[in-house]
There are 2 protein chains.
Amino acid sequence: MTQENFKSPLLTVDSVLFTIKDNSLKILLLKRKNSPFQNSWALPGGFIDVDKDGSAEDTACRKLTDKTGVTPPYLEQLNTFSSKSRDPRGWSASIAYFALIAHEETNLDVTPRNDESAQWVDVESLMDETANYQPLAFDHQQIFQFALERLKQKALYSMLPVFCLPKEFTLGEYHTLIEIILGKSIQKKTLYRRFEASNMFEETGETLATGARAAMLYRLKEDAELVNFERNLG
Amino acid sequence: MTQENFKSPLLTVDSVLFTIKDNSLKILLLKRKNSPFQNSWALPGGFIDVDKDGSAEDTACRKLTDKTGVTPPYLEQLNTFSSKSRDPRGWSASIAYFALIAHEETNLDVTPRNDESAQWVDVESLMDETANYQPLAFDHQQIFQFALERLKQKALYSMLPVFCLPKEFTLGEYHTLIEIILGKSIQKKTLYRRFEASNMFEETGETLATGARAAMLYRLKEDAELVNFERNLG
DNA sequence: CAAATAGTGTCTATCAGACAGTATTCG
DNA sequence: CGAATACTGTCTGATAGACACTATTTG
């Protein structure tokens, strides 16, 4: 029995790219130009190009770089969503990726597109069924929710969310970020302890003043490995 | 731009099915009957049948049920492995699943196949490069190692490994299982505390005697949900 | 009673949570 | 100096690790 006996499913790649902007968590959405789901908002992604892409991760990276102008500092595979009904064109599978970036590092701020084809969309507005709500294309709502759960889970036991922040950032910014992701308040002391224990960061020597006492700026160490902790936050 | 512009990658499903047998952790391997990798050992899996399978999980389940006679009590998606080079027939992706079962519940013990086409293979022997070692087909070694890491990780913070045990089991059996998976000794007390705290199990009323004092037998409660703990083991 | 296996009591170590205290900067 | 923001000291509470203790069964 060989693959010639089988109709081939469609295979695509989609990514959920998170950032923190204007004190809220957002993901990148694109307006679809083509059928199916023409003019609906959708996750960045598309078909694998077997000539260009060595792997599905290459496809994810290529699509994200196309849209943002930069390669996200964090990208991991999320899950593959497959079914006979998720795409009206037939049996299909989408290999979904989960990525983080600082919006300041992308070109989406400096060149806001006139046609509004790409937007950072507030995660809260996507969760709120009662809002002025347009459903996302395909099963992208489900993929987004899966990604959000993963981000929340990892925020409990790793330093991963720092990849939503720009290259230089303060402990206060990190604290705010974690509280936004988890949707509840977390003791500063707890985060500061973990931040130090991770040994992933170094002081830049610069400080950032926003009102009163200036906060120390930190950056990732060159050789930093992402640290996981043995316990979860509350 | 539509999918007609793209050559379609091959899409398969493969599963890593773990069990505990003869005091060691084993996975199910099948001897390939066809090219490529004819006569090599491989993970159970194959092409998606878009007529039979509603989703990739259906494919995984169908293949495992074919081989073992039963549906595994635990099945989750692991990761999708894709590249232009993992299959000599061309660009391919395999959606890999991770499953657990008690070998006693399968028909592989009662009807050992004469042709030796299906075998429980010791995980240690697969890790040991120096042993009389035949490489697995495709990138199945890599998939297996990914699955083993996941199992070890989940053993640290959840009760998941119980699905390697038969429907009725003792705390001693659970203790032995965890020590085999983690490859190190764990305090009985710690596991017993978690076992109780999980509230997932109930006494059967029966006991099992193997030498001296008889051990209480436990089974999963009907409505039991898999519990995750806030801290990792050692 | 000795040996073997099952299961418990209890102390310590670690780290998250709570929260008050000190430090720095601006007006 | 007071207000605002940044950061630290230190106590409490929860739970994993260590390990000695008790319980049950067989011979």
Side-chain angles (χ1 to χ4, degrees), chain A residues 23 152-159 161 165 168-179 181-218 227-234, chain B residues 23 152-159 161 165 168-219 227-234:
Chain A
N23 272 325
K152 286 187 175 185
Q153 201 53 44
K154 292 212 168 189
L156 293 177
Y157 66 81
S158 88
M159 300 298 300
L165 295 174
E168 303 199 346
F169 61 93
T170 66
L171 283 169
E173 288 166 345
Y174 182 65
H175 183 216
T176 305
L177 168 63
I178 296 297
E179 293 196 333
I181 291 172
L182 296 179
K184 65 176 181 180
S185 59
I186 296 290
Q187 293 285 326
K188 276 187 302 191
K189 183 72 186 182
T190 305
L191 292 182
Y192 288 18
R193 268 191 299 232
R194 285 183 164 211
F195 189 87
E196 171 127 57
S198 77
N199 201 28
M200 289 172 61
F201 309 97
E202 61 192 4
E203 299 185 350
T204 65
E206 305 291 300
T207 57
L208 182 68
T210 58
R213 176 175 171 180
M216 184 56 74
L217 281 164
Y218 292 89
V227 167
N228 292 334
F229 299 95
E230 304 277 281
R231 302 192 191 180
N232 283 356
L233 297 177
Chain B
N23 272 324
K152 285 186 176 185
Q153 201 52 45
K154 292 213 166 188
L156 293 177
Y157 66 81
S158 87
M159 300 298 299
L165 294 174
E168 304 198 347
F169 61 93
T170 66
L171 283 169
E173 287 166 346
Y174 181 64
H175 183 214
T176 304
L177 168 64
I178 297 297
E179 292 196 336
I180 287 168
I181 290 171
L182 297 179
K184 66 176 179 179
S185 58
I186 297 290
Q187 294 285 326
K188 278 186 300 189
K189 183 72 186 182
T190 305
L191 292 183
Y192 290 19
R193 268 190 300 231
R194 286 183 162 211
F195 189 87
E196 172 127 55
S198 78
N199 200 28
M200 288 173 61
F201 308 95
E202 62 193 3
E203 299 186 351
T204 64
E206 305 291 300
T207 57
L208 180 68
T210 57
R213 177 174 170 181
M216 184 56 74
L217 280 164
Y218 292 87
R219 66 171 157 251
V227 167
N228 291 334
F229 299 96
E230 303 278 280
R231 300 196 195 176
N232 283 356
L233 296 178

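In what follows, chains are A, B, ... by sequence order, proteins preceding strands, each numbered from 1. All values below were derived from every heavy atom in this structure, side-chain atoms included, with hydrogens, water molecules and symmetry-related copies excluded. Predicted model only: the values in this text are computed from it and were never measured.
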| message | Output the rounded distance in Å from CG (A:L233) to P (C:dA18). | response | 11 Å
| query | Does B:E230 use its side chain to pair, donor to acceptor, with the backbone of A:G234 at less than 3.5 Å? | reply | no
| query | To the nearest Å, how far apart are A:Q187 CD and D:dC7 P? | reply | 16 Å
| task | Keeping the roles fixed (side chain from A:E173, backbone from A:T170), state whether a donor-acceptor pair exists under 3.5 Å. | result | yes
| To the nearest angstrom, how far is B:L208 atom CG from D:dT25 atom P? | 13 Å
| Separation of atom NZ in B:K184 from atom P in D:dA18, rounded to whole Å | 9 Å
| query | Please give, in whole Å, the distance from D:dA6 P to A:Y174 OH? | reply | 16 Å
| note | Ranking D:dC7, C:dG7, D:dT10 by distance to the side chain of A:K189, first place goes to D:dT10
| task | Using whole Å, report how far NZ of A:K188 lies from C1' of C:dG21. | result | 11 Å
| request: Please check the phosphate of C:dT5 (OP1 and OP2 only) for any side-chain N or O of B:T210 closer than 4.0 Å. | output: no
| request: Measure from CZ on A:R213 to C1' on C:dT24 and round the result to the nearest Å. | output: 5 Å
| remark: Nearest-nucleotide check on DNA chain D, B:R194 vs A:G172; residue mapping nearer the 5' end is A:G172
| message | Using every non-hydrogen atom in the two residues, find where B:S158 and B:N228 come nearest and quote the distance to one decimal. | response | CB-OD1, 3.2 Å
| task | Starting at atom CZ of B:R193, determine the distance to atom C1' of C:dC11, rounded to an integer number of angstrom. | result | 11 Å
| Can you tell which of B:Y218, B:F195, B:Y192 makes a ring-ring contact (aromatic ring centres under 6.0 Å, His included) with B:F201? | B:F195
| For B:R231 and B:A212, take the nucleotide of DNA chain C holding the closest heavy atom to each; which residue's nucleotide lies nearer the 5' end? | B:A212
